[in-house]
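Notes follow the structure.
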Number of protein chains: 2
Amino acid sequence: MPKETFFNLPEQKRARVIEAALDEFAAYPYHKARITAIADQAGIAKGSFYQYFADKKDLFKYIADLIVNKKLEYLNHDMMLNKDKYGFFELLHELYLSGFRFAKENPRLIDIANNLLNNKELQRELWNDYEDQSFDYFQLLLKEGLAKGELDPTIDTALVSRLLTGINYSLGDILYKGKDGKIDLDDESGLIETIDKMLAFIKNGIKKRE
Amino acid sequence: MPKETFFNLPEQKRARVIEAALDEFAAYPYHKARITAIADQAGIAKGSFYQYFADKKDLFKYIADLIVNKKLEYLNHDMMLNKDKYGFFELLHELYLSGFRFAKENPRLIDIANNLLNNKELQRELWNDYEDQSFDYFQLLLKEGLAKGELDPTIDTALVSRLLTGINYSLGDILYKGKDGKIDLDDESGLIETIDKMLAFIKNGIKKRE
DNA sequence: ACAATAAATGAATGTGAAGTCATATTCATA
DNA sequence: TATGAATATGACTTCACATTCATTTATTGT
């Protein structure tokens, strides 16, 4: 958590610090990002930085929180709050769609998030007992889907939850190395097509049916 | 590549260096692993290390090569060389099975491999133009599977290949945090059950069928 | 035995940022 | 406007290793 001092700052200055941090962390992975560069770009002294944050980790966690909250804004809240009114695959569709919408409008934040997602060691370093939230959430959704009778009752929710989490990790690659080098986030229909293909895989697998 | 000097070393000494490196890299992620510790444990002077290897990266790449080659030994070569004689899902089964067998017998190597697999930034740092081999290989298998008529002809091989790669990355988690906290690698039948569940997911998805 | 070449050694050096701290400046309020 | 509390500052200190290098020691060939 940033120190009190940081929140006492005039909005504009605080914004400059955050902007500088976003730029630096989007451009360089955590360990290569430099506090000096952030302070310079924000137009504050390095010492001041340490009036605002305990250390680099403190700043990064704060930034990560901002990103998570921003990401949540993209979810359809009605759907998430009334999970039972919707089908499992509808919910999954919404999760992926909101992810892509978020990516489209927040390229800088996505870069930072991917850096974090692609580095388990860093996750452990920052949240020493990091437990995979996405795993827990998928497992919850799966259990509800089973209860609703939408899912094959023979599935092992723990295992499938891991597999879905694994698929989630591939989202970064799908974004950056999509079909033709890179997915076009502006192409709404192509994007929905991609999501539909992913859902088709998750729903029906890839075996040929007669 | 290690220097000539390294290969001129008496086998025993060379083995000590390799052993020490495996221990260190299994215990600590790349950037925390210390050359000093490796030299100490191998019983050589720090300077000698630099007679054998250009630098830390050189050593790590060499170790990574050893691991890849060791892993290849676990594949059923007949199957891999005569891919066309076998079905897509048989081949996939063999890939997973060989992975688990390898993990079981080489816990230290698996730790090192996971460290690498879980850190894209490191991959880029070590092989600056790292291209995902697993992606290419899956795509090849998928195309052959399509040609053989085993797979749903509507799949997008590039996308599915990414999804399978994502699932592959989750293998580490499945190993270490399987159903009850940890998969029991000694339980051969439980292990095959896990593989079968994974294959069932990939084949048929998770939608309930009537 | 004598060069000449190769290998071994570990103290010394280099590096690159994180984080500190003594001092200066600003601000709030009585 | 006086006073202490809160902020701001950037030169300096630390730290943890990787890497180098001048010497010493061993090996090989004649």
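As a basis for the values below, the full set of heavy atoms in this structure was taken, side chains included, without hydrogen atoms, waters or symmetry mates. Order of the sequence lines sets the chain letters (A, B, ...), proteins ahead of strands, with each chain counted from 1.
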Integer-rounded Å distance: [N] [atom2] and [X] [atom1]:
X        : N       : atom1 : atom2 : result
Phe60(B) : dC17(D) : CZ    : P     : 17 Å
His31(B) : dA17(C) : NE2   : P     : 13 Å
Arg34(A) : dG16(C) : CZ    : P     : 11 Å
Leu59(A) : dG19(C) : CG    : P     : 11 Å
Lys56(B) : dT15(C) : NZ    : P     : 18 Å
Ile38(B) : dT19(D) : CD1   : P     : 11 Å
Glu4(B)  : dA8(C)  : CD    : P     : 13 Å
Tyr30(B) : dA16(D) : OH    : P     : 20 Å

Can you pull every protein N or O that's under 3.5 Å from an N or O on nucleotides 27-30 of chain C?
none

query = To the nearest 10 degrees, how far apart in direction are the end axes of the helix from dA1(C)-dT30(D) to dA30(C)-dT1(D), each fit to five base pairs?
reply =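 End-to-end axis angle for the helix from dA1(C)-dT30(D) to dA30(C)-dT1(D): 0°, rounded to 10°.
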Output the distance between atom [atom1] ([X]) and atom [atom2] ([Y]), rounded to the nearest 0.5 Å.
X         : Y         : atom1 : atom2 : value
Arg16(A)  : Ile44(A)  : CZ    : CD1   : 8.0 Å
Phe88(A)  : Glu144(A) : CZ    : CD    : 10.0 Å
Glu193(B) : Asp156(A) : CD    : CG    : 8.0 Å
Thr194(B) : Leu97(B)  : OG1   : CG    : 11.5 Å

request  = Determine whether the side chains of Asn119(A) and Asn115(A) contain a donor N or O and an acceptor N or O closer than 3.5 Å.
outcome  =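 The answer is no; no qualifying pair exists.
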inquiry  = Hydrogens and angles aside, do Asp78(B) and Tyr86(B) bring a side-chain donor and acceptor to less than 3.5 Å of each other?
reply    =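 A pair is found: one side chain offers a donor N or O, the other an acceptor, under 3.5 Å apart.
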message = Can you list everything that forms a side chain to side chain contact (heavy atoms under 4.5 Å, CB included) with Asn168(B)? Sequence neighbours excluded, please.
response = Tyr96(B), Ser134(B), Phe138(B), Leu171(B)
query = Do any side-chain nitrogens or oxygens of Tyr50(B) fall under 4.0 Å of OP1 or OP2 in dT20(D)?
reply = no
message = Whether Asn8(A) contacts dT7(D) is assessed here as follows: a side-chain N or O lying under 4.0 Å from the phosphate OP1 or OP2. Is that the case?
response =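 Yes, Asn8(A) has a side-chain N/O under 4.0 Å of OP1/OP2 on dT7(D).
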query = Cation-pi between Lys61(A) and Phe53(A): NZ/CZ under 6.0 Å from ring centre and within 45° of the ring axis?
reply = no
query = What pairs of residues pass the salt bridge (Lys or Arg N to Asp or Glu O under 4.0 Å) test when at least one of them lies in residues 87-115 of chain B, not counting sequence neighbours?
reply =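 Salt bridge (Lys or Arg N to Asp or Glu O under 4.0 Å) check on residues 87-115 of chain B returns Glu19(B)-Arg108(B), Asp23(B)-Arg108(B), Glu94(B)-Arg101(B), Lys104(B)-Glu188(B).
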key: By side-chain hydrogen bond (donor to acceptor under 3.5 Å, both in side chains) - contacts of Asn106(A) (at least two apart)   =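 Partners of Asn106(A) by the side-chain hydrogen bond (donor to acceptor under 3.5 Å, both in side chains) criterion, ordered by chain and then number, come out as Tyr74(A).
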With the criterion being N/O to N/O and under 3.5 Å, what pairs connect the protein with nucleotides 8-13 of chain D, and how long is each?
from	atom 1	to	atom 2	distance (Å)
dA8(D)	OP1	Lys13(A)	NZ	2.9
dA8(D)	OP2	Tyr52(A)	OH	2.9
dA8(D)	N7	Gln51(A)	NE2	2.7
dT9(D)	OP2	Ala45(A)	N	3.2
dT9(D)	OP2	Ser48(A)	OG	3.0
dG10(D)	N7	Gly47(A)	N	3.1

query = With side chains defined as the heavy atoms from C-beta onward, is the minimum distance between Leu95(B) and Leu75(B) less than 4.5 Å?
reply =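 Result yes, sub-4.5 Å side-chain heavy-atom pair found.
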message = Please classify the nucleic acid contact of Ala33(A) as base, sugar-phosphate, or nothing, using heavy-atom distances under 4.0 Å.
response =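 It contacts sugar-phosphate atoms only.
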